[in-house]
Asks: 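Take this structure, written in structure tokens, and hold onto it; I'll ask about it next.
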Amino acid sequence: MDKTLLPTILMVSIYLTMVPITGYTQDNVVWTFTGRVFDGNVDDESHPLQNVTVSIYGANDADVLEFIRSTTTDENGWYGLDILDTDPTYEYYSIRETDPPDYTSIGATTVDGIVRTNNWIMYFLPEGKMLTGNKFWVRGRTIDRPPTQDGPDLAISEFNHWEIVEDGRVLLLFIKIINQGDINTQATNIWAGELERGWESELIPISVLSPMEVRMVSIELVIPDEQMGFEHIFQVHLDPDHLVVDDLDRNNNNTQTPPIPIPIKPPSEKQLRITEVDPDHGRRSQEITLMVYGENFSSKAVVFIPEGIEVLNVEFISPNELKATITIYKEAPLGFRPIEVVNPDGLGVVLEQGFEILSLEQKTEELPDLIIRESHWEIVEEGHILLISALVANIGNAPSPEAIIRAVSQAPRWIIENTVQELNIDDRVQILFELEISDRLRGRSFHFDLIVDPENDIYEMREDNNQQAIRVRVLPQSPKQRRHSTPILPNQWPYIWIAIIIIILVITILTIRRTLNIPLRREWQKKAKEEEPPEVCQPCNYYCRKIKLEHKSALHKITHFNLKAYNPLLCAQTNEMLIKGKIVDGLNKALIANRRGEKDETLYEYVAPLSYMLLQQIVEWLSSEKTARNVSIIGHLEGGKVKCKFILYHCKRKDKKNTWKEENKWMATIKDESDEPVGSLLGLVSTEPKMHKRMEQQLIRLILHFIKKV
């Protein structure tokens with residue numbers, strides 16, 4: 001052979017080695033996706049798997065895939081998938097692993113892509129030519145082991161199947177369980193959750209399993225908005241309370257799922273809207289609380305207002321209401337601003353000219369304006385009481401409602417509040433604060449801030465003139481009682497002693513009255529009614545009226561159920577029980593599901609296992625009763641708070657006629673709560689064999705009706 005041909009032959013051989021058998025060169029390759037497939041648990045790379053099919057797909061809609069090409073893994077589990085310049089161009093590229101026979105996907109990892117499912121990795125317009133680290137793990141399906149000869153043995157045999165349902169709002173875990181023992185198990189429960197995030201399911205009842213009986217259980221987990229778009233591993237616990245006696249192997253009762261990717265919440269079909277902002281204007285240097293009203297706000301929604309306005313805090317009230325605290329900078333330009341609300345899923349809406357910054361001279365409406373005109377202090381009661389007085393005035397052009405005034409000292413922390421009555425234009429009122437002085441506070445100076453309407457509950461002409469500072473000096477010790485220069489005559493002593501006794505009695509009576517006033521008011525608040533006192537009254541009768549002033553509403557939730565058992569023959573109550581805990585928490589979730597418009601079938605799935613648990617508690621509760629009982633169920637609801645005025649009337653005789661007279665008047669903020677009847681179960685006998693079947697459906701119907709009513 002001619003030695004001059006050797007270099008040419010060598011170059012041709014190298015070139016042919018570089019040309020792949022597919023008929024294209026590396027110059028045609030736009031992207032190359034590589035990775036490996038393993039047999040075993042996620043992150044275990046000790047067992048690469050050969051001949052596993054891996055495919056590449058393209059899509060312009062992330063969930064509509066178009067096949068491009070596929071390959072299989074080599075003896076080291078490697079695969080490589082190329083995208084050529086002759087292939088169609090897509091926004092998304094997806095790598096999909098196909099499970100070999102008798103294998104199941106249990107997880108995937110990627111460096112630059114997004115794991116969508118256990119066998120699906122997705123890229124959005126990939127960066128770089130070589131995209132590595134796209135790994136998949138599969139595992140042979142579990143084979144149920146033969147039965148033991150010693151007793152029951154509950155076990156979890158499959159736990160790697162799940163489904164996202166209800167438009168991405170609910171995760172369904174499908175758990176396969178088996179009794180591998182040779183005798184029946186007792187009834188028990190199964191549970192799944194991710195405790196670190198407080199995300200867990202209810203206890204799902206599991207009825208008796210016979211030897212080698214296999215059962216598939218679905219566990220429902222409502223997906224919180226903040227958990228969407230992330231991977232989660234859930235703990236699964238079968239028989240968590242050890243209700244199955246003599247379970248041979250408890251180690252096979254607990255497991256954890258593979259990493260489960262929760263997709264990002266799809267955009268809502270309902271339109272995000274802002275309908276109103278209150279107030280819709282403010283002035284420079286003000287801090288204002290805005291109420292933003294609209295539709296389909298998320299619990300993590302944020303509010304933006306540009307040009308000189310900072311949003312300090314956003315509080316979610318309901319899907320139709322947000323509460324935002326803003327501050328307007330001193331140099332903010334005057335004029336209108338757009339208001340934007342953005343949900344965590346990226347859905348946003350803008351209300352053009354939603355908020356206006358006004359100059360101090362502009363007056364758009366009649367508003368009150370509370371100020372503290374002057375303040376004074378003095379030490380009274382022989383140095384034991386600090387008395388602070390504040391003169392509060394309304395200098396606005398509209399009457400002001402009842403307000404709070406607060407006195408605060410930071411070091412030490414003294415704080416006391418009082419009430420400012422309703423003030424007409426140019427009205428003023430003197431407010432007094434009494435603070436008891438302890439010995440350790442003597443001989444020091446204190447700086448007090450007097451603040452009227454400290455929470456800015458009242459919308460005023462100005463919000464920056466509600467505060468005044470006062471400096472107080474407390475003497476080192478109580479001043480000594482002044483000595484009289486006039487001598488006390490012997491015959492004056494009886495009168496002096498009488499005066500001292502009267503003073504002591506008055507102080508004692510006032511102290512007792514002050515001490516008893518608070519519990520008496522609370523007692524009357526429970527009896528108060530919203531209507532006017534009845535026209536006819538009897539002397540010595542009392543009546544308390546409640547006037548609702550401000551309602552800070554919130555969606556009602558169930559706090560507890562009150563159960564009362566009655567003897568149907570004697571019509572007398574015999575027993576009472578309070579239900580709290582998991583049953584109440586579960587029914588609150590059903591309440592939320594009903595509010596978001598879930599179907600009756602879904603609500604039934606929520607309510608049925610909880611009704612079964614409640615019925616079990618009722619039967620156990622009535623086990624000591626010898627005869628049939630009727631049980632009434634009442635749900636206690638709470639939602640928000642109500643600021644009320646209370647007036648206590650006393651029926652007195654005047655001019656041969658009985659009339660109501662105001663005895664006392666006070667303000668209080670109380671819970672917005674009520675008792676709503678669920679219904680009654682009639683003729684319960686705890687020893688009746690078929691009582692469960694007879695009552696269970698009736699109880700489910702009562703609770704479903706209650707959930708829909710609330």
Side-chain angles (χ1 to χ4, degrees), residues 184-191 202-208 239-245 523 526-527 556-591 593-594 600 603-639 671 673-710:
N184 291 351
T185 68
Q186 291 87 357
T188 183
N189 305 291
I190 192 171
W191 166 95
E202 297 298 321
L203 284 173
I204 307 300
I206 304 294
S207 58
V208 173
D239 189 31
D241 299 319
H242 293 181
L243 300 178
V244 177
V245 181
E523 181 182 347
K526 294 180 180 178
K527 303 176 184 178
H556 280 89
K557 67 175 183 179
I558 309 165
T559 61
H560 61 268
F561 288 97
N562 190 24
L563 277 62
K564 296 181 179 180
Y566 294 88
N567 185 325
L569 299 177
L570 303 177
C571 298
Q573 182 179 330
T574 61
N575 213 339
E576 187 171 357
M577 178 173 66
L578 209 64
I579 298 292
K580 291 184 177 182
K582 289 191 174 182
I583 292 177
V584 173
D585 295 341
L587 291 179
N588 275 316
K589 292 179 181 178
L591 198 61
N594 179 59
D600 289 351
L603 295 180
Y604 185 91
E605 292 176 3
Y606 273 107
V607 169
L610 298 169
S611 300
Y612 180 80
M613 293 169 62
L614 177 58
L615 190 58
Q616 282 184 314
Q617 292 193 31
I618 293 173
V619 172
E620 185 178 348
W621 172 50
L622 296 178
S623 60
S624 60
E625 304 283 359
K626 304 302 182 183
T627 58
R629 291 289 182 264
N630 295 343
V631 174
S632 71
I633 306 173
I634 297 175
H636 187 78
L637 306 176
E638 284 186 9
K671 295 178 182 177
E673 54 186 340
S674 62
D675 287 322
E676 292 291 338
V678 178
S680 297
L681 299 175
L682 306 179
L684 278 94
V685 182
S686 60
T687 56
E688 180 186 339
K690 297 183 180 180
M691 195 270 292
H692 269 84
K693 293 183 179 179
R694 184 167 61 87
M695 288 295 175
E696 186 175 357
Q697 291 303 316
Q698 182 181 349
L699 183 57
I700 291 173
R701 285 195 298 271
L702 290 177
I703 293 179
L704 280 173
H705 179 72
F706 172 73
I707 292 295
K708 292 183 177 181
K709 179 175 64 174
V710 172

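Values below: all heavy atoms of this structure, side chains included; hydrogens, waters and symmetry mates excluded. We're numbering straight along the sequence, starting at 1.
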Asks: My understanding is that only residues two or more places apart in sequence, or in another chain, count here; which of them pass side chain to side chain contact (heavy atoms under 4.5 Å, CB included) with I204?
Replies: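 Only I190, V217, I219 meet the side chain to side chain contact (heavy atoms under 4.5 Å, CB included) criterion with I204.
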
Asks: If we only count heavy atoms from C-beta on, is the L603 to K708 side-chain gap below 4.5 Å?
Replies: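 Contact flag for L603/K708 side chains = yes.
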
Asks: Between CE of M613 and CD1 of I618, what distance do you get to the nearest 0.5 Å?
Replies: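 Reported to 0.5 Å precision, the distance equals 12.5 Å.
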
Asks: Taking the side chain as everything from C-beta on, heavy atoms only, tell me whether Q616 gets closer than 4.5 Å to Y612.
Replies: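 Yes. Closest side-chain heavy atoms under 4.5 Å.
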
Asks: Are F561 and V678 close enough that some pair of their side-chain heavy atoms sits under 4.5 Å apart?
Replies: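 Side chain of F561 against side chain of V678, heavy atoms only: contact under 4.5 Å found.
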
Asks: Looking only at heavy atoms, which two atoms of Y606 and A590 are closest? And how far apart?
Replies: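 Reported closest heavy-atom pair: CB-CB, 3.8 Å.
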
Asks: Measure across I579 and V584 and return the closest heavy-atom pair with its distance rounded to 0.1 Å.
Replies: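 Heavy atoms of I579 and V584 come nearest at O-CG2, 3.4 Å.
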
Asks: Could you go through the side-chain contact (heavy atoms from CB on, under 4.5 Å) check for D239 and T185 one step at a time?
Replies: CA-CA 10 Å; D239 189 31; T185 68; over 6 Å; no

Asks: Which atom pair, heavy atoms only, marks the closest approach of V208 to Q186?
Replies: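 Shortest heavy-atom contact: CG2-C, 4.3 Å.
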
Asks: So L614 and I703, do their side chains get closer than 4.5 Å, heavy atoms only?
Replies: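 Contact flag for I703/L614 side chains = yes.
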
Asks: Quick one: pull up CG in N588 and CD1 in I583 and give me the separation to the nearest 0.5 Å.
Replies: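 Nearest 0.5 Å value for the CG-CD1 distance: 12.5 Å.
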
Asks: Return the set of residues passing salt bridge (charged side-chain N to carboxylate O under 4.0 Å, His left out) with E638 (not counting sequence neighbours), or none when no residue passes.
Replies: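 Scan of E638 (salt bridge (charged side-chain N to carboxylate O under 4.0 Å, His left out), adjacent residues dropped) gives K671.
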
Asks: For residues I633 and N562, determine if any side-chain heavy atom of one lies less than 4.5 Å from a side-chain heavy atom of the other.
Replies: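 Side chain of I633 against side chain of N562, heavy atoms only: no contact under 4.5 Å found.
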
Asks: Tell me, with the steps shown, if Y604 and I700 meet side-chain contact (heavy atoms from CB on, under 4.5 Å).
Replies: CA-CA 8 Å; Y604 185 91; I700 291 173; 3.6 Å; yes

Asks: Rounded to the nearest 0.5 Å, what separation is found between the CZ atom of R629 and the CG atom of L681?
Replies: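 Reported value, rounded in 0.5 Å steps: 14.5 Å.
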
Asks: Please test L203 against K582 for side-chain contact (heavy atoms from CB on, under 4.5 Å), starting from the C-alpha separation and ending with a verdict.
Replies: CA-CA 9 Å; L203 284 173; K582 289 191 174 182; 3.8 Å; yes

Asks: So L704 and S611, do their side chains get closer than 4.5 Å, heavy atoms only?
Replies: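 The answer is no; the side chains never approach within 4.5 Å.
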
Asks: Quick check for you: to the nearest 0.5 Å, what is the distance between H636 atom NE2 and I558 atom CD1?
Replies: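 So the NE2 of H636 and the CD1 of I558 are separated by 11.5 Å.
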
Asks: Does the side chain of N189 come within less than 4.5 Å of L243's, by heavy atoms?
Replies: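 Answer yes - side chains close enough.
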
Asks: Above 12 or not: heavy atoms from other molecules or residues under 6.0 Å from NZ of K589?
Replies: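 It does: K589 NZ has more than 12 such atoms within range.
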
Asks: Which atom pair, heavy atoms only, marks the closest approach of M577 to Q617?
Replies: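 Scanning both residues completely, I find the closest heavy atoms to be CE-O, 4.3 Å.
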
Asks: Using 0.5 Å steps for rounding, measure from the CD atom of E576 to the OG atom of S632.
Replies: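 Here the rounded value is 8.5 Å.
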
Asks: Where do W621 and K564 come nearest, in terms of heavy atoms and distance?
Replies: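 That closest heavy-atom pairing would be CH2-C, 4.0 Å.
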
Asks: Between the side chain of N575 and the main-chain N/O of A565, is any donor-acceptor distance below 3.5 Å?
Replies: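 Not at all, since once roles are kept as given, no pair shorter than 3.5 Å links the two residues.
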
Asks: Hey, what do you get for CG (D675) to CD1 (I634), rounding to the nearest 0.5 Å?
Replies: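 If we round to the nearest 0.5 Å, D675:CG and I634:CD1 are 6.0 Å apart.
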
Asks: Give me the atom names and distance for the closest heavy-atom approach of L591 to I707.
Replies: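 That closest heavy-atom pairing would be CD1-O, 3.6 Å.
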
